[in-house]
Protein chains: 2
Amino acid sequence: MADTRTKLLEAALETLRKQGIAGVSARTIAAEAGVNQALVFYHFGSVDQLLGAAIEHGSQQRIALYRERFAAVGTLRELLDLGRSLHTEERAAGSVAALAQVLAGGQTDPKLAPATTVGLNLWIAEVEQALSRVLAASPLVEFVDVGGLAKATAAAFVGLELYEGVDAEGAGQALDALEDLAVLVSALEDMGPLVRRAVRARLRRTQDHS
Amino acid sequence: MADTRTKLLEAALETLRKQGIAGVSARTIAAEAGVNQALVFYHFGSVDQLLGAAIEHGSQQRIALYRERFAAVGTLRELLDLGRSLHTEERAAGSVAALAQVLAGGQTDPKLAPATTVGLNLWIAEVEQALSRVLAASPLVEFVDVGGLAKATAAAFVGLELYEGVDAEGAGQALDALEDLAVLVSALEDMGPLVRRAVRARLRRTQDHS
DNA sequence: GTCTATACTGTGATAGAC
DNA sequence: GTCTATCACAGTATAGAC
C-alpha cells in the first residue's frame with residue numbers, strides 16, 4: 001500500500017489521462033486516489049504543483065521501464081519499431097498522454113511550463129542517445145545537429161500521439177509514411193560518400209544563391 | 001460591426017489561445033465577446049458546440065489568408081520558409097494555437113474530436129498539395145505516401161508549436177535540425193536515379209531478411 | 001496526517017422579462 | 001435576440017477537530 005503522497009501523484013497522472021487538463025481538479029484527483037480533497041493542498045500546496053510533481057514522477061518511472069529497450073537499439077529500423085510500440089503502449093496507459101495534457105496546459109499557465117520541460121527533456125535525452133548511436137555511420141551526422149533532431153523527434157511524437165487521439169486512421173497513415181521515409185535514410189547509409197559529396201555541392205550552391 | 005454569432009466564434013478562439021482549453025467557459029468567452037453568457041447557449045447550444053464551430057471557422061479563415069503563399073511554393077526550401085513563418089505568425093495570434101488546445105481537449109472529450117479533425121484536415125489538405133508539388137521531381141514520391149506524409153507533417157507541426165510554448169530555445173534547435181535535414185532531401189533530388197537504385201536495393205534486402 | 005466543515009467564487013444551463 | 005435572475009453544483013483554499 002502506497003502512502004498518500006504517492007497515491008496522489010499516481011492519481012494525478014491517471015486523471016490527466018482520463019479527464020484531460022480541463023478535467024483535473026483537487027476534487028477529481030483526490031477521488032481517484034480515494035482520499036480527501038484537502039490533502040492535495042496539504043501535501044503539494046496547489047493543484048498546479050501536484051501536476052508538476054506528478055509529470056516528473058511519471059516520466060522518470062516510465063522511462064526506467066523503457067531504458068533497456070532504448071539501450072538495445074542499434075539501427076534506425078529498431079528505433080522505429082521501439083517508437084511505434086512506445087506509441088501504442090503510452091497512448092493507452094502511459095505518461096506521454098499525461099505529458100501532452102500539461103504541455104497544452106503549459107501554453108497558458110506559466111506555472112506548468114517548467115515541469116513540462118523537465119518531463120519532456122527526460123524523453124529527449126533518451127531519444128538523443130539512441131539517435132546518435134543509430135546515426136553514427138550515417139552521412140547525416142555531418143550536416144544535422146543530433147540534439148536538435150532528438151528535440152524535433154520528441155515534439156513530433158507528442159503531436160502524433162495527440163493526433164491519434166482524435167483520428168486514429170489518419171495517425172496510422174502518418175506513421176506508415178514516416179516508416180517509408182526511414183527506408184530512404186537507410187539507403188543513404190549504403191551510399192554514404194556519394195551522399196556526402198552531393199550534400200556538400202548543394203550547400204555550396206545554396207550559399208552562392210544567397 | 002460583427003453580429004453576435006461571429007463575435008462569439010472569434011471570442012472562443014481568442015479565449016482558447018489566451019486561457020487554454022482548461023480556461024474556456026461560457027462566461028470567459030462571453031466576456032471576451034462583450035456579450036451575455038446566456039447567448040452562448042442560445043446560439044450554439046453548449047460550450048463544446050461553440051468550440052467546434054469556432055475551430056472550423058477559424059481554420060477556414062486562417063487558411064484563406066495563407067492560401068496564396070501555399071500556392072506560391074515550388075521548392076522544399078520555399079515550403080520550409082513558409083512553415084517557419086507560419087509557425088511564428090500562428091503561435092502569437094493564429095488559429096493553430098487554438099487548434100492545439102482543442103486537440104488536447106479532444107483526447108478526453110469525444111464531442112470535441114470531430115471538430116478537431118475537421119480543422120486539422122483543412123491544414124493537411126493544403127500541406128498535401130504543396131508537398132506533392134515540391135516532391136514531384138524527387139525520388140521520394142516513389143516510396144512514400146504523400147498523403148500520409150502531409151498528415152505526419154501537420155501533426156509534427158502542432159507538436160512543435162506546443163513545444164515552443166514551454167521551451168522556445170529547444171523548439172528553435174528542433175526547427176534548425178529539421179532545416180538541415182531538408183538540405184539533405186534537396187541533395188537527393190540532384191542524384192535521383194542513384195537514390196532510386198539504392199532504395200530499391202535496400203528494399204529487396206529488407207524483404208529477404210524478413 | 002487525515003478528516004469535516006466552511007467561505008467564496010466559477011460553471012453549465014434554464015426561465016422569463018423586455 | 002438579448003438581457004437579468006436563478007439553480008444546483010464544482011472549483012480553490014483554509015481553519016480546526018481528531
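So you know, we letter chains A, B, ... as the sequences are listed, proteins then strands, and number each from 1. Hydrogens, waters and symmetry mates play no part in the numbers below; they use all other heavy atoms, side chains included.
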- Apply the side chain to side chain donor-acceptor pair (under 3.5 Å) test between B/Gln107 and each candidate in A/Arg91, A/Gln101, A/Glu161; give the one that qualifies. A/Arg91

- Message: Over the length of the helix from C/dG1-D/dC18 to C/dC18-D/dG1, how much do the five-pair end axes diverge, rounded to 10 degrees?
- Response: 0°

- Task: Check step by step if salt bridge (Lys or Arg N to Asp or Glu O under 4.0 Å) holds for A/Asp81 and A/Arg77.
- Result: CA-CA 6 Å; A/Asp81 288 342; A/Arg77 172 79 266 146; 3.0 Å; yes

- Using salt bridge (Lys or Arg N to Asp or Glu O under 4.0 Å) as the criterion, point out the one residue from B/Glu164, B/Glu179, B/Glu90, B/Glu89 that pairs with B/Arg84. B/Glu179

- Item | Considering all heavy atoms, the nearest B/Arg17-A/Thr108 contact | O-CG2, 3.3 Å

- Note on the structure: Heavy-atom closest pair (B/Ala104 atom, A/Ala104 atom, distance to 0.1 Å) is CB-CB, 3.5 Å

Roughly how far, to the nearest 0.5 Å, is [atom2] of [Y] from [atom1] of [X]?
{"X": "A/Thr75", "Y": "A/Leu80", "atom1": "OG1", "atom2": "CG", "result": "9.0 Å"}
{"X": "A/Asp180", "Y": "B/Glu142", "atom1": "CG", "atom2": "CD", "result": "12.0 Å"}
{"X": "A/His57", "Y": "A/Leu13", "atom1": "NE2", "atom2": "CG", "result": "6.5 Å"}
{"X": "A/Asp109", "Y": "A/Ile21", "atom1": "CG", "atom2": "CD1", "result": "7.5 Å"}

- Query: Is any side-chain N or O of A/Ser25 closer than 4.0 Å to OP1 or OP2 of D/dG11?
  - Reply: yes

- Provide the start and end nucleotides, 5' to 3', of the part of DNA chain C that has atoms under 4.0 Å from heavy atoms of chain A. C/dG1 to C/dT4

- Whole angstrom is fine here: how far is it from CG in A/Asn36 over to P in D/dT12? 13 Å

- Starting from P on D/dT12, measure out to CG on A/Leu50 and report it in whole angstrom. 11 Å

- Item | Set of residues satisfying side chain to side chain contact (heavy atoms under 4.5 Å, CB included) with respect to B/Ile63, sequence neighbours excluded | B/Arg67, B/Leu122, B/Trp123, B/Glu126

- Output all residues satisfying salt bridge (charged side-chain N to carboxylate O under 4.0 Å, His left out) with B/Asp48, sequence neighbours left out; order by chain, then residue number. B/Lys111

Below 3.5 Å between N/O atoms, which protein atoms pair up with nucleotides 13-15 of chain D? Just atom names and distances, please.
| residue | atom | partner | partner atom | Å |
| --- | --- | --- | --- | --- |
| D/dA13 | N7 | A/Gln37 | OE1 | 3.0 |
| D/dA13 | N6 | A/Gln37 | OE1 | 3.4 |
| D/dA13 | N6 | A/Gln37 | NE2 | 3.4 |

- Query: Considering heavy-atom distances to DNA chain C, does A/Val35 or B/Thr28 have its closest nucleotide positioned more toward the 5' end?
  - Reply: A/Val35

- Query: In terms of side-chain heavy atoms, does B/Ser85 have a donor or acceptor partner in B/Thr88 at a distance below 3.5 Å?
  - Reply: no

- So do A/Leu162 and B/Leu162 actually touch side chain to side chain, heavy atoms under 4.5 Å? yes

- Message: For DNA chain C, which residues of residues 98-116 of chain B approach it to below 4.0 angstrom with any heavy atom?
- Response: none

